[in-house]
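Reading through the structure tokens given below for one structure.
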2 protein chains.
Amino acid sequence: MARVRISDVAAAAGVSTSTVSLVLNDRTGARISEETRARVREAAAVVGYTPNSIARGLRTQRTRTIGLVSDVIATTPFAGRMLAGAQDAAREHGHLLILVNTDADPAVERDAIRALVDHQVDAMIFATMWHRVVETPEGLPDRTVFLDCRPADGTRPAVVPDEVAGGRAAVRELLAAGHRRIAWLDIDEPDPPVASGLRHQAYREVLAEAGITPDPAWHVRGDGTTAASGRAATDRLLDLPPHRRPTAIFCFNDRMAAGAYVAARHRGLEIPADLSVVGYDDQQLVAGELDPPLTTIALPHYEMGRWAAEVALGAREPPEPDQPYLMPCPIIRRDSVSSPPAAAPTPAGGEPDTTP
Amino acid sequence: MARVRISDVAAAAGVSTSTVSLVLNDRTGARISEETRARVREAAAVVGYTPNSIARGLRTQRTRTIGLVSDVIATTPFAGRMLAGAQDAAREHGHLLILVNTDADPAVERDAIRALVDHQVDAMIFATMWHRVVETPEGLPDRTVFLDCRPADGTRPAVVPDEVAGGRAAVRELLAAGHRRIAWLDIDEPDPPVASGLRHQAYREVLAEAGITPDPAWHVRGDGTTAASGRAATDRLLDLPPHRRPTAIFCFNDRMAAGAYVAARHRGLEIPADLSVVGYDDQQLVAGELDPPLTTIALPHYEMGRWAAEVALGAREPPEPDQPYLMPCPIIRRDSVSSPPAAAPTPAGGEPDTTP
DNA sequence: TTGAAAGCGCTAACAC
DNA sequence: GTGTTAGCGCTTTCAA
């Protein structure tokens, strides 16, 4: 069955194609009689006409599509949320999302950007799986938004998680529960992710505000990809002598937090009674499934995806055009935080910071 | 900067636009002198020309895009693999993937299909998150492939996991290790998924072949979405008197297998020495992270996504046009299967099936 | 209030 | 071998 064209509607309604176009696009400028409008609409419905987007795109130079190129987005557990946010926003604005995964291959990326530009996408989103700084790729249209990454030359809108605020919330949660000896279970990589530095900064700031100078031994590291690495790092913490041993751990991610659980359990320590734990990521199938469920900081992937699409479509203005927008990371309170064990001795070397 | 058009190349090379088109599209039919070809290519490179896909699409009626509409695909852990497979195949064939998520909302689905058709996608993939039977939606183009679902009227190509073969492999693995009392930890839903019936069928067949009549008490159920439900079901199994108690469990999915681990641990049972477990799904972050790592059957999401895109693009023929293609589910051997404990009494009521 | 005609950028018959 | 021309289906002046 051949597609029905605008000329078919015109013929059925006994008018010209321009009239049909005018009516169907609700062009208020043109004065078409109410009677004609009705007849055209009726005819369109009867023959089942929907405009050919390609022809319309050629003529109007707008395709109602938005291109999304990402490194490994579609294959990781977080990816879906970003896609879903971008896709929902696109749909609400009558746009379609064209997705390309590059697997971080520069050649694929270059081809993808070109293909998307050739397809005349109205806007583009450049997304990465982890918050990082990227070199601005060649050939991106002006209407490009960076998602979960910040371009080295900050010339275009970008949205990233507010890691510092998230880190602060995590440490404050522990402080509020009465902890003073709080460890930072960091990620150990030759080229540490942006998030690591930012969350560590938050950790130091909040402790300083509380007059706590962290013991260097409280800063431990794991590879970040396995629970086992979190367990090993936690073991090092729990091996500390009682007066230096942390009563709480802020973990770089939920997977290492899972490892902290294992380490605690193997020593007969209860969470949270003997050890409080806060994670980061709110990773499905991890944070919620742990026993007890893990208190953690959520990465706002859905919201970032939505923000990116809305800005790309011009439906929203970035508050500060030259700064990445920092999307809040909400704390998800579950059951892994309580007050420290009563027997826990107060820290020995916790001198208040004397910065003015 | 305005896009460069074919006429710019023609002007730069001193030829007509048709010559440029002929050269750039490698039309072997047309005899263009090698010298002219070189000049055109040179000019195209110099001015940085790439064809406008929209204009080309209008003219050729082929857009080199493929539409993928799915229910909740992008938001679940498995989704990425299907997307990645489809996307890789699309890219290899020079096509772009247009993605729409419907959240299983029929109105959204209808609009999505229409939008994709209006955008003149060359082919369509209709995907679901779980293997199920679907009513064929209205308006799908002829070139549609069903991914991870089978249309009620089997008129179009479809690909689903080979659940029966996967289930057989799981149970055979246990049988080969020497188990005779093998439980089936099923999913408990009012409207059970296709996979449940198929895997159960495999379970019964393989046991029958081995001359084992399963004790009805070995068929237990959990809600399938939480590890806790798997634990509770496993408890019921382990509460059975010693001579009826299973030495191995085949679980509907990895999450419930995780629950089986918890149940075993709470009774001081070692896996696999005291209890062997096989899961299904090979779910990242579950199967591999369990201690010991779980032997399981993988769902071939990537391969199914790739198959669907290749068939949609005509790059591959379905072997049996009217039957869904059954994609093999490979067994992933890890460390949760061993021979049954030596002390385990052999089953009491295991009479061979006498079916011819 | 409506229709005729041009043109978006490209490809493919058909001339020459 | 290469250029001219028509037309994909639509929107948008402009004229009537």
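All chains are named by letter (A, B, ...) in the order of the sequence lines, taking the proteins before the strands, and each is independently numbered beginning at 1.
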Taking the side chain as every heavy atom from C-beta outward, state whether B/Val100 and B/Leu68 have any pair of such atoms under 4.5 Å apart. no
For a 4.5 angstrom cut-off between non-hydrogen side-chain atoms, does A/Val121 reach A/Ile98? yes
Does B/Ser33 reach a base, just sugar-phosphate, or nothing at all? Heavy atoms under 4.0 Å. sugar-phosphate
Nearest nucleotide by nearest heavy atom, which residue falls closer to the 5' end of DNA chain D, A/Pro51 or B/Val15? B/Val15
Under a 4.0 Å heavy-atom cut-off, which of residues 53-66 of chain B touch DNA chain C? B/Ala55, B/Arg56, B/Arg59, B/Thr60
Tell me, please, the opening and closing nucleotides of DNA chain C, 5' to 3', among those with an atom under 4.0 angstrom from a non-hydrogen atom of chain A. C/dT1 to C/dG9
According to the salt bridge (charged side-chain N to carboxylate O under 4.0 Å, His left out) rule, which pairs have a member within residues 39-53 of chain B, sequence neighbours left out? B/Asp26-B/Arg41, B/Glu35-B/Arg39
Measure from the side chain of B/Ile32, starting at C-beta and using heavy atoms only, and say which of D/dT12, D/dT2, D/dG9 lies closest. D/dT2
For the [atom1] atom of [X] and the [atom2] atom of [Y], what is their distance to the nearest 0.5 Å?
X: A/Thr63; Y: A/Leu96; atom1: OG1; atom2: CG; value: 9.0 Å
X: A/Glu317; Y: A/Tyr325; atom1: CD; atom2: OH; value: 13.5 Å
X: B/Asp153; Y: B/Thr136; atom1: CG; atom2: OG1; value: 3.5 Å
X: B/Arg56; Y: B/Ser21; atom1: CZ; atom2: OG; value: 7.5 Å

All salt bridge (Lys or Arg N to Asp or Glu O under 4.0 Å) counterparts of A/Arg37, not counting sequence neighbours: none
For the helix from C/dT1-D/dA16 to C/dC16-D/dG1, what angle separates the axis at the start from the axis at the finish, each from five pairs, in steps of 10°? 50°
Separation of [X] atom [atom1] from [N] atom [atom2], in whole Å?
X: A/Tyr49; N: D/dG9; atom1: OH; atom2: C1'; result: 7 Å
X: B/Ile6; N: D/dT5; atom1: CD1; atom2: P; result: 17 Å
X: B/Arg39; N: D/dT2; atom1: CZ; atom2: C1'; result: 11 Å

Using a 6.0 Å cut-off, check whether atom CZ of B/Arg91 has over 12 heavy atoms from anything other than its own residue. yes
Give every donor-acceptor pair under 3.5 Å between a side-chain atom in residues 138-152 of chain A and any protein atom, sequence neighbours left out.
residue	atom	partner	partner atom	Å
A/Arg143	NH1	A/Ala312	O	3.1
A/Thr144	OG1	A/Pro141	O	2.6

May I ask you to check whether B/Thr50 and A/Asp118 show a side-chain donor-acceptor distance below 3.5 Å? yes
Is the phosphate of D/dG3, meaning OP1 or OP2, less than 4.0 Å from a side-chain N or O of B/Thr17? no
